[in-house]
Number of protein chains: 2
Amino acid sequence: MAIQSTVLTDPLLTSSPSRISIGGGEQWIGSFSLKTKPWHLRLSNGSRARVRAPLNADLKAVGIPHQWYNVVADLPVKPPPSLHPKTFEPVKPEDLSPLFPDELIKQEASTDKFIDIPEEVLDIYTLWRPTPLIRAKRLEKLLDTPARIYYKYEGVSPAGSHKPNTAVPQVFYNAQQGVKNVVTETGAGQWGSSLAFACSLFGLECEVWQVRASYDQKPYRRLMMETWGAKVHPSPSSITEAGRKILQIDPSSPGSLGIAISEAVEIAATNADTKYCLGSVLNHVLLHQTVIGEECIKQMEAIGETPDVIIGCTGGGSNFAGLSFPFIREKLDGKINPVIKAVEPAACPSLTKGVYTYDYGDTAGMTPLMKMHTLGHDFIPDPIHAGGLRYHGIAPLISHVYELGFMEAMAIPQIECFQSAIQFARTEGLIPAPEPTHAIAATIREALHCKETGEAKVILMAMCGHGHFDLTSYEKYLQGKMVDLAFEEEKIRASLAEVPRIA
Amino acid sequence: MAIQSTVLTDPLLTSSPSRISIGGGEQWIGSFSLKTKPWHLRLSNGSRARVRAPLNADLKAVGIPHQWYNVVADLPVKPPPSLHPKTFEPVKPEDLSPLFPDELIKQEASTDKFIDIPEEVLDIYTLWRPTPLIRAKRLEKLLDTPARIYYKYEGVSPAGSHKPNTAVPQVFYNAQQGVKNVVTETGAGQWGSSLAFACSLFGLECEVWQVRASYDQKPYRRLMMETWGAKVHPSPSSITEAGRKILQIDPSSPGSLGIAISEAVEIAATNADTKYCLGSVLNHVLLHQTVIGEECIKQMEAIGETPDVIIGCTGGGSNFAGLSFPFIREKLDGKINPVIKAVEPAACPSLTKGVYTYDYGDTAGMTPLMKMHTLGHDFIPDPIHAGGLRYHGIAPLISHVYELGFMEAMAIPQIECFQSAIQFARTEGLIPAPEPTHAIAATIREALHCKETGEAKVILMAMCGHGHFDLTSYEKYLQGKMVDLAFEEEKIRASLAEVPRIA
């Protein structure tokens, strides 16, 4: 595929996605702006069989999907390829071999619609899957809304978030290829602990570079990784060239996800017996997460509901894609027509304020160039509590789907997010991680809008993890000490000036 | 019922339960010592319907029980009554009214075999129930044992343990009676956070007295309670007469569960609009926890398995009773014949080293006298990591069942427990709370014994909660800094001298 030329315009003017015009495709895309609700399937077993406590019980009778869904197969325009960071040529499978096992490289470039989940992975998924789909009845009551709110809860996994959905297959494919060591980066620790968990089950050695600020401030996630047998380094570290360079400039650098990625990639690239794992952004990661949405489609059908709005938070975007991509297939098939909304932190607004262009996935510029909405690869987001959303870019596949007009995006500041999280925790009983508080805040906005209009919309929300290791953030909020970090246009302008120009 | 006289003998000589001889009952009880495996039910749907990932998926199709089970109804000898702390007369319902709502007082004395779970409680149970029953295949492989190990995992509840199973109905019955405030004690915080969770759902005010040592050392549990809207005081506090008395003697007292109970009971007894909740020990608490065992019986049947050994940890005993009592019914019915084992910390060995006698449930002597295995109500257990098991006594109903010979007991020191927990975490992927590490250690002992004998026993273990807030304990173990606290006979002798003599 030819690479489209990208003109860098003022990022602040490109906040809404442009509609791409493709011969004959325009009308087809436009058909989704229908306001009338299309006909959709309701399974015959949608009626509630039990009178008492039926919801969750029925839902749990839904099995685990046996295939992941690859949205690329159904998109009217294929996404632009990743480029080699030095040659700017489309990346070839052999370029990725030092980092990933063959099966994951194949999945990264696959256009197959469905990919079988290996038996060994399914076997481990049964530890926590199917995850519950829960109706937020008490929250609805508090908000006095006619909307029906459902949330798909991934916090029941051993590591407490959706991340093990991809950690397990990534480690499995590495183990299958005889790899003995894997390395990765982690911010607050959700991803690192998920990979440590998966490695402990398959007997692989695991080394994690954790962003220094989190390493120092959130010791519990580090202890969790160590309990599962992983080795954890603060990043920047003096172990790598990339880390040493940063430390030379700033010996007390708090680190960033981009720096930690550079360190882990360097180790994998320079050690033949070691591969690299990434917790979000890449196609194969998003693919693995579709187990969430596939399961949820069956669960919604089982209770005879169809989502009108689907909401998820985005950092790298894997949780959002995991829930929404299977529903996008149903939307493309004309079965349903939900509005699909990504919610990002106001302090790190890649989709709503970034530029859609080729950029590096890490700070040092070692990863392939990916076409994505980016704030610039050396943009260091302000230290908001949602550490998992502090990434300069977003998954290229989400960027592409956004450009195609199949989804919307919005940004919310953190005080509103925690205010919403407290409402959720005190009615639904689950304490959310800082990341999904963004989805909760957007859901509450939507539900309150329904109260005004009287619409009984069905809102489906991605509740991607619990906040057991983030309670000091809640303490800050409850003590009135949380601040909304201002969005700094100048800072983004500066980092965007460093983005490579791919002609 | 007449109160039996109790002779205090050397506690170290009474570690194995004496067999009670009741007219005609002896033979019946003795029939359980059969070594042959009795016939037992296997449901027709026990065959595995799905080839892939069947276990958990099938199990989740099992619904939530709609009744709690009251083992009192089936016991050949009824348990001795609780006594008024001043008059030593059997406690009357009106004596308990200042502390508990009517429905819970009724349940406390009930001899009905089954008690319906209210719709409102079932509705909240669906947030996390049915909880998974998981086969520990990877642990079996590590141990190279022919045994089949299953664990029933209660850590998926919002508060992370089995405690919400009783917190929810306790708060429900209080709410039903118009109570606006409840108070309680908590050690490490499992129970306090469960009650805070339940109160947030029913809109009750919740105040918790948390043992000072935990309040200072484990801020995350306190933050969890505050996130759910509860007010948390360190205990001993200057708010109560009981607390002030302790502080006068020792202003820097680290507190204990017994002291914290005294404080909460005092507040409830002296405030007409406030009731008290207890997280273990009492009959109604054990009753509510039987939802675990009832669910588990159906799950075992669904996969065509019958337990040969059932293992759970004991502090107050509610988790152990919750899993085992329904199986004791099946045992009394002659359907199955499992060995049932309680595992307590070597540093707080009430069943194996205590005396079976009437004692207070709290330090100040404000609660009714209960006949139980006790180390003395002013025994302060050494600061082992399993804070939830640091209680001087045990549920009177468990003591009674133990005396009747329907179960066994053993004590394990904490280093072996954490060693076992690491094996479990690195094979099964779940990090246990310090309390269930005792059950895990006993399970591993049993599985290794099976390896020696070649027996393919089915071991069922109560895995009552996760260790997300206890990771500093794992750090201590991994750094080799954990110590086994010696069992101090002198200390127990001293505290037992303070136990009241009920003639």
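Naming convention: chains lettered A, B, ... in sequence-line order (proteins, then strands); numbering from 1 in each chain.
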Separation of A:Arg135 CZ from B:Leu127 CG (nearest 0.5 Å): 13.5 Å

Which atom of B:Ile431 lies closest to which atom of A:Met224, heavy atoms considered: CD1-CG, 3.6 Å

Interface moiety of B:Tyr220 toward chain A, non-hydrogen atoms closer than 4.5 Å: both

Top contributor to chain B interface from A:Tyr477, A:Phe197, A:Trp228 [non-hydrogen pairs under 4.5 Å]: A:Trp228

Closest non-hydrogen atom pair between B:Pro158 and A:Gly429, with its separation: CB-O, 3.1 Å

More than 12 heavy atoms from other groups under 6.0 Å of CD on B:Glu416: yes

Shortest non-hydrogen contact from B:Ser200 toward A:Ala425: OG-O, 4.0 Å

Step-by-step side chain to side chain contact (heavy atoms under 4.5 Å, CB included) determination, A:Gln479 to B:Glu226: CA-CA 11 Å; A:Gln479 293 176 341; B:Glu226 289 172 350; over 6 Å; no

Under 4.5 Å from any heavy atom of chain B - which part of A:Thr427: backbone

B:Tyr151, part contacting chain A, at a heavy-atom distance under 4.5 Å: side chain

Distance, nearest 0.5 Å, that separates CZ of B:Arg138 from CG of A:Leu201: 5.0 Å

Segment of B:Ile422 engaging chain A (4.5 angstrom heavy-atom cut-off): side chain

Contact winner vs chain A - B:Tyr153, B:Tyr474, B:Phe202, heavy-atom pairs under 4.5 Å: B:Tyr474

B:Arg426 (side chain) donor-acceptor with A:Cys199 (main chain) under 3.5 angstrom: no

Chain A contact via B:Thr472 - which portion, at a heavy-atom distance below 4.5 Å: both

Whether A:His466 and B:His466 hold their rings parallel, tilted or perpendicular, with breakpoints at 30° and 60°: parallel

